[in-house]
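Read the structure below first, then the notes.
Whatever order the structure lists them in is the order used to number ligands and atoms, beginning at 1. Heads up: numbering here begins at 1 and tracks the sequence. Only a predicted model underlies this, so the values are computations on that prediction, with no experimental measurement involved.
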Amino acid sequence: MQIILFGSPGVGKGTQAKLLSEQFNIPHISTGDILRKAVQDRTELGIKAAEIMNRGELVPDDIMIGIIKDVLKSDRCKNGFILDGFPRTTVQAEALDRLFSELNLNDVILVHITADEEEIIKRLNGRRACKVCGSIFTLSEIEGLSECPKCGAKDSFYLRDDDKEDVIRKRLKIYETNTKPVLGYYEAKGKVVTIDGFGSIEEVNKDLTEVLKKKFVNN
Ligand code: AMP
């Protein structure tokens with residue numbers, strides 16, 4: 001089961017990927033999470049990526065392709081995976097195709113989650129991350145709390161630099177210009193399914209699981 005969750009920043013890919021990962025028992029591979037961990041650990045990659053990410057720009061393709069190669073070739077991905085945040089350019093999509101051929105994977109599906117731009121800005125600007133464990137919450141989920149519900153860290157909530165409104169608008173623009181063409185790449189191969197991301201987390205998850213069961217379980 002190889003799934004690419006695709007859609008603009010803030011459409012809910014991360015939330016849905018986490019749910020699907022539990023439901024289908026396959027790992028959730030988020031390139032954004034991998035980069036944020038590198039930034040937190042101050043690795044060479046993290047130091048390079050931090051500024052680029054804070055500006056809402058894309059980390060260079062060769063770096064991202066190197067990361068994804070290592071992850072997808074690892075044992076934990078042997079029964080499938082959910083990709084969240086990759087590919088983000090057609091160069092990445094082409095590299096992923098070559099990697100899939102090398103690994104003999106030919107059953108990939110790209111699920112495009114759609115949502116309205118203003119709704120996305122509202123959602124992203126209204127979410128907070130825990131600076132210790134990286135979990136993301138809506139303001140209403142953490143209202144009145146001083147400890148992170150996931151890891152228990154005290155006073156750890158913050159607004160990610162890349163979730164500030166000016167940076168969000170830039171990320172959305174980059175999505176339109178650099179990332180949206182990836183959709184055409186997969187459409188030409190007949191591998192795209194579209195889901196409306198406007199509903200509640202549960203509603204979107206229901207639509208997603210129905211599509212995936214039809215494709216992978218009932219076959
Ligand atoms: P995300 O959490 O997926 O929104 O990613 C956060 C940030 O990490 C993005 O705004 C980019 O700066 C960087 N990033 C994540 N995935 C990629 C990718 N596939 N290509 C380039 N940059 C990426």
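The option with the heavy atom closest to atom 14 (N) of ligand 1, from among I34, T31, L35, is L35.
Interface of R171 with ligand 1, defined as ligand atoms under 4.0 Å from a residue heavy atom, comprises 4 (O), 10 (O).
The protein atom (non-hydrogen) at minimum distance from atom 3 (O) of ligand 1 is R88 NH1, 3.1 Å. Among protein heavy atoms, the minimum distance from atom 7 (C) of ligand 1 is reached at M53 CE, 3.8 Å. Nearest protein heavy-atom neighbour of atom 6 (C) of ligand 1: R36 NH1, 3.5 Å. Protein heavy atom closest to atom 11 (C) of ligand 1, with residue, atom name and distance, is E57 O, 3.4 Å. If you check which protein heavy atom lies closest to atom 19 (N) of ligand 1, you get G85 O, 2.8 Å. For atom 20 (N) of ligand 1, the nearest non-hydrogen atom of the protein is Q92 NE2, 2.9 Å. Residue, atom and distance of the protein heavy atom nearest to atom 22 (N) of ligand 1 are V59 N, 3.1 Å.
Minimum interatomic distance between F24 and T209 (heavy atoms only, all atoms of both residues): CE1-CG2, 4.0 Å.
Taking the charged nitrogens against the carboxylate oxygens, K18 and D84 have no contact shorter than 4.0 Å, which rules out a salt bridge. Comment: R169 engages E118 in a salt bridge, judged by a side-chain N to carboxylate O separation of less than 4.0 angstrom. The pair R171-E57 does not meet the salt-bridge criterion, since no charged nitrogen lies less than 4.0 angstrom from a carboxylate oxygen. Between D70 and K73, none of the side-chain N atoms (NZ, or NE/NH1/NH2) sits under 4.0 Å from a carboxylate O, so this pair counts as no salt bridge.
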Apply side-chain contact (heavy atoms from CB on, under 4.5 Å) to residues Q92 and V182 and explain how you reach the verdict. CA-CA 9 Å; Q92 292 180 14; V182 169; over 6 Å; no
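Backbone and side-chain nitrogen or oxygen atoms of L58 are examined, and none is located within less than 3.5 angstrom of a nitrogen or oxygen of ligand 1.
Inter-residue side-chain proximity for Y186 and I4 is flagged as met; some heavy-atom pair is nearer than 4.5 Å.
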